[in-house]
Amino acid sequence: HLGDDWAATPQCLPDRAHYVALGHIHRPQEVPAPAPTHYAGSPLQLDFGEGDNTPGAVLVELAPGRPARPEFVPIDAARRLRTLTGTLAELELLAETTGDAHLRLVVRERNRAGLADEVR
């Protein structure tokens with residue numbers, strides 16, 4: 001759901017909860033609430049707009065009578081999504097920095113026959 005019409009405010013969350021796990025927000029973040037509350041984020045980048053997100057999960061240590069101990073654990077096993085922008089010469093210089101990432105290239109050159117083949 002987009003917007004705030006159905007959003008729960010942090011004050012609505014139970015203050016006696018040991019830990020509150022929230023979902024669907026792709027960027028990991030802590031929520032200031034009465035109980036420790038986190039969006040774990042997505043374990044994978046799902047589109048190129050998430051290029052700056054660090055995929056991961058929240059590992060929470062729980063024990064009776066003790067505060068929850070959440071820890072964000074990055075997941076680096078998946079291939080990253082990166083967007084590179086530049087001329088062919090500039091992109092060629094960046095080629096060695098991409099590792100095994102899936103790339104979206106924005107080529108800043110005049111369109112011409114064979115350009116797509118040169119980019120590949």
Side-chain angles (χ1 to χ4, degrees):
H1 176 71
L2 298 176
D4 294 332
D5 292 342
W6 296 96
T9 64
Q11 296 77 22
C12 293
L13 300 173
D15 60 353
R16 294 187 331 221
H18 222 58
Y19 179 77
V20 177
L22 302 172
H24 193 75
I25 302 292
H26 294 194
R27 184 177 299 260
Q29 53 195 281
E30 184 173 357
V31 176
T37 303
H38 289 87
Y39 285 101
S42 174
L44 302 170
Q45 289 177 315
L46 300 176
D47 66 46
F48 284 97
E50 297 179 12
D52 293 336
N53 289 7
T54 300
V58 176
L59 178 67
V60 184
E61 184 179 320
L62 299 168
R66 294 190 11 212
R69 292 182 29 194
E71 174 189 356
F72 180 76
V73 179
I75 297 174
D76 59 5
R79 291 174 71 176
R80 300 292 300 215
L81 302 177
R82 289 187 58 192
T83 300
L84 302 177
T85 302
T87 64
L88 277 176
E90 292 166 338
L91 294 171
E92 193 171 347
L93 290 173
L94 294 172
E96 297 299 318
T97 69
T98 61
D100 69 346
H102 290 287
L103 301 176
R104 174 176 61 177
L105 301 177
V106 179
V107 182
R108 302 253 185 238
E109 296 211 8
R110 269 206 140 117
N111 197 7
R112 63 180 181 275
L115 179 60
D117 291 329
E118 290 180 54
V119 170
R120 281 193 251 336

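Keep in mind that the numbers below use all heavy atoms, side chains included, and drop hydrogens, waters and symmetry copies. All values derive from a computational prediction rather than experimental measurement.
Follow the hydrophobic side-chain contacts under 4.5 Å out from L62 and you never reach L59; the two are in separate clusters. When the side chains of ILVMFWY residues are joined at heavy-atom separations under 4.5 Å, either directly or via intervening members, L81 and L103 end up in two distinct hydrophobic clusters. With hydrophobic clusters built from ILVMFWY side chains whose heavy atoms lie under 4.5 angstrom apart, V73 does not share a cluster with I75.
Listed here is the closest heavy atom pair of L13 and P34: O-CG, 3.9 Å. Summarising the geometry of A68 relative to P36, their closest heavy-atom pair is CB-CG, 4.4 Å, with the distance given to 0.1 Å. Between F48 and T83, the shortest heavy-atom contact is CD2-OG1, 3.8 Å. Across all non-hydrogen atoms, the minimal contact from P14 to A35 is O-CB, 3.6 Å. Listed here is the closest heavy atom pair of P28 and F72: CB-CE1, 3.5 Å.
Counted within 6.0 Å of CD on E118, heavy atoms from surrounding residues, nucleotides or ligands total more than 12; the atom is thus considered enclosed. In D117, the CG atom is crowded: over 12 heavy atoms of neighbouring residues, nucleotides or ligands sit closer than 6.0 Å. Atom CZ of R66 is surrounded by 12 or fewer heavy atoms from other residues, nucleotides or ligands within 6.0 Å. In the displayed structure, R104 atom CZ is contacted under 6.0 Å by more than 12 heavy atoms of other residues, nucleotides or ligands.
Looking at R80 and P55, their side chains come closer than 4.5 Å, going by heavy atoms from C-beta outward. Contact of the V107 side chain with the L91 side chain is registered, since non-hydrogen atoms from C-beta on lie closer than 4.5 Å.
Between the side chain of H26 and the backbone N or O of L44 there is no donor-acceptor pair closer than 3.5 Å. In this structure a side-chain-to-backbone donor-acceptor pair under 3.5 Å is missing from T98 to A101. Between the side chain of Q29 and the backbone N or O of R27, at least one donor-acceptor pair lies under 3.5 Å. Remark: the backbone N or O of E50 is paired with a side-chain donor or acceptor of Q45 at under 3.5 angstrom.
Interatomic distance, CG of L93 versus OG1 of T87, reported as 8.0 Å (0.5 Å rounding). The CG atom of L115 lies 5.5 Å from the CG atom of L88; values are rounded to the nearest 0.5 Å. The structure places CZ of R120 at 10.5 Å from CG of L105, a figure rounded to the nearest 0.5 Å.
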Salt bridge (Lys or Arg N to Asp or Glu O under 4.0 Å) assessment of R108 paired with E90: CA-CA 10 Å; R108 302 253 185 238; E90 292 166 338; over 6 Å; no
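For Y19 and H38, the ring centers are positioned less than 6.0 Å apart.
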